[in-house]
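All remarks here apply to the structure that follows.
For ligands, and for the atoms within them, numbers begin at 1 and follow the listed sequence.
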Amino acid sequence: MTQAASVVSAKDLCLTYQANDAPVHALSNVNLDVRKGDFVSFIGPSGCGKTTFLRVIADLEKKTSGDITVNGMTPEEARKARAYGYVFQAPALYPWRAIDKNIALPLEIMNYPAEERQKRIAEALDLVGLTGFEKKFPWQLSGGMQQRASIARALAFDADLLLMDEPFGALDEIVRDHLNEELLKLWARTNKTICFVTHSIPEAVYLSTKIVVMSPRPGRVTDIIDSPLPRERPLDIRETPEFLEIAHRVRDGLRAGHSYEH
Ligand code: ADP
Ligand code: MG
């Protein structure tokens, strides 16, 4: 049997921030294998190290100990090879740039020729359903459309790995449902590997092939659930017993990891 290639592999990964007063153990012995084509959600309360884990993958933060590889390389090598696109938590669009120029910015920094930039911008906008909005400014778009534009910017490199940090956290539920559906379609069409941070149990269960449940102080993985749901998922799959069973297991994992000390 051939197994899909490992995109992210973490072994006993630890990261301790050296804060002024006391060290913060943001990641403690994390073991995880993300395979090509997986949709992996990270769920857990604030401060359990979700963002830190994405930042280590992206080489924005250095591990303290243990091992991590991205496409079989060190995170630094992977970053230099442009292995990933990153969608940040807040819509990080520049207000003075039109949508196409926002998407162009990282491509400009990487010295893509103008013609190639145009091609990639058009493709990325098409993938997120924003064709026709290239000359709008961020403030002219709804919150959901702004987040789609942020996703388009992350897609423009055409990296196989997409890192998404609570991309829909600030949106209302109806918009979020819609974008969840769209994201699954995009994932199916592009065959990307996605690492997705969320606070929402239904969102994690609806989107993921694998759910990583985390708990804080120290940040660690308390459960990894391989979803038995089919890859193609209409929204009403959320009413099925299979779905509810996984949601229940996630909730149990979150409860077990939570100390209720505060
Ligand atoms: P999450 O995304 O799950 O909310 P984070 O990864 O942002 O969690 O943070 C994990 C822990 O590390 C938290 O306790 C947070 O306060 C702490 N932390 C995050 N970044 C830093 C930093 N640069 N310096 C010190 N502590 C940090
Ligand atoms: Mg975070």
Salt-bridge contact Arg238-Asp236 (side-chain N to carboxylate O under 4.0 Å): no
Identify the heavy atoms of Ile237 and Thr240 that sit nearest to each other, and give their distance. O-OG1, 2.7 Å
Hydrogens and angles aside, do Thr193 and Asp160 bring a side-chain donor and acceptor to less than 3.5 Å of each other? no
Within the protein, flag every N or O under 3.5 Å from an N or O of ligand 1, and note the pair and distance.
{"from": "ligand 1", "atom 1": "2 (O)", "to": "Thr51", "atom 2": "N", "distance (Å)": "2.9"}
{"from": "ligand 1", "atom 1": "2 (O)", "to": "Thr51", "atom 2": "OG1", "distance (Å)": "2.8"}
{"from": "ligand 1", "atom 1": "3 (O)", "to": "Cys48", "atom 2": "N", "distance (Å)": "3.2"}
{"from": "ligand 1", "atom 1": "3 (O)", "to": "Gly49", "atom 2": "N", "distance (Å)": "3.1"}
{"from": "ligand 1", "atom 1": "3 (O)", "to": "Lys50", "atom 2": "N", "distance (Å)": "2.9"}
{"from": "ligand 1", "atom 1": "3 (O)", "to": "Lys50", "atom 2": "NZ", "distance (Å)": "2.9"}
{"from": "ligand 1", "atom 1": "4 (O)", "to": "Gly47", "atom 2": "N", "distance (Å)": "2.7"}
{"from": "ligand 1", "atom 1": "6 (O)", "to": "Thr52", "atom 2": "N", "distance (Å)": "2.9"}
{"from": "ligand 1", "atom 1": "6 (O)", "to": "Thr52", "atom 2": "OG1", "distance (Å)": "2.5"}
{"from": "ligand 1", "atom 1": "8 (O)", "to": "Gly49", "atom 2": "N", "distance (Å)": "3.3"}

Name all residues meeting the side-chain hydrogen bond (donor to acceptor under 3.5 Å, both in side chains) criterion together with Arg231; count only those two or more places apart in sequence or in a different chain, and write none if there are none. none
Evaluate side-chain contact (heavy atoms from CB on, under 4.5 Å) for Leu155 paired with Asp158, printing each intermediate quantity in order. CA-CA 5 Å; Leu155 290 171; Asp158 203 25; over 6 Å; no
Taking backbone and side chain together, does Thr52 place any N/O/S atom at a distance below 2.8 Å from the Mg ion (ligand 2)? no
Check for me whether the distance between the ring centres of Phe53 and Phe42 falls short of 6.0 Å. yes
